[in-house]
Amino acid sequence: MINKRLFKPFLLFIFVTSFASCSQKKLPVKQLTITTKEGQIFTVEAELASTQEKRNFGFMERKKIPDGTGMLFIFEYDQKLSFWMKNTPHPLSIAYIDSNGIIREIYDMTPFSLSSIESTVSVRYALEVPQGWFQKNNITPGDKITLP
């Protein structure tokens, strides 16, 4: 028999803990190497968002994303991509990357914005990092990323 007095608090506990664990759950991490046109080499520890479910959630709800880390969104085929910052409190920069690992475009994104940031060409990957990280390291379109 269910104790009605304890049932509602139990359900609330289950809901809150399951939501909290999802919102901060880290994905598998892979070290990516970025080589600039000038030959400088940088690394970023990137979480891999390789399924639709993982790509849909991304960095949502994450309040702090340290420098040198990011999230690589991996798609099954080349396509024009579009990202937004719904429920994402940390400012990010995004690089759109083709299937050969060449960065084609880089954009800054505004926290909580519902505006779409679209690639102008078909790409296979998108890499989100803390805003300004690409600029600080002189990483620009044309630079190459070694992909998983």
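Positions are given from 1 along the sequence. Everything numeric in this text was worked out from a predicted model, so none of it was measured. Values below: every heavy atom of this structure, side chains too, minus hydrogens, waters and symmetry copies.
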Cluster check Val123, Leu127: I/L/V/M/F/W/Y, side chain < 4.5 angstrom: no
Does atom CD of Glu76 have more than 12 heavy-atom neighbours from other groups under 6.0 Å away? yes
Check whether any side-chain N or O of Thr51 sits under 3.5 Å from a backbone N or O of Lys54 as a donor-acceptor pair, and report yes or no. yes
Polar side-chain atom of Ser116 near backbone of Glu118 as donor-acceptor pair, under 3.5 Å: no
Cationic N near anionic O, under 4.0 Å, Glu128 to Arg55: no
Which word best sums up how the rings of Phe73 and Phe83 line up, parallel for under 30°, tilted for 30 to 60°, or perpendicular for over 60°? perpendicular
Okay, side chain of Thr36, backbone of Gln40: is any donor-acceptor separation there less than 3.5 Å? yes
Got a sec: does the CD of Gln31 have more than 12 other heavy atoms crowding it under 6.0 Å? yes
Does Glu61 pair with Lys86 as a salt bridge, N-O distance under 4.0 Å? no
Can you confirm whether Arg104 is buried at CZ, in the sense that more than 12 heavy atoms of other residues, nucleotides or ligands lie under 6.0 Å from that atom? no
Are the side chain of Asp108 and the backbone of Ser93 linked by a donor-acceptor contact shorter than 3.5 Å? no
Electrostatic pair Lys37-Asp143, nearest N-O below 4.0 angstrom: yes
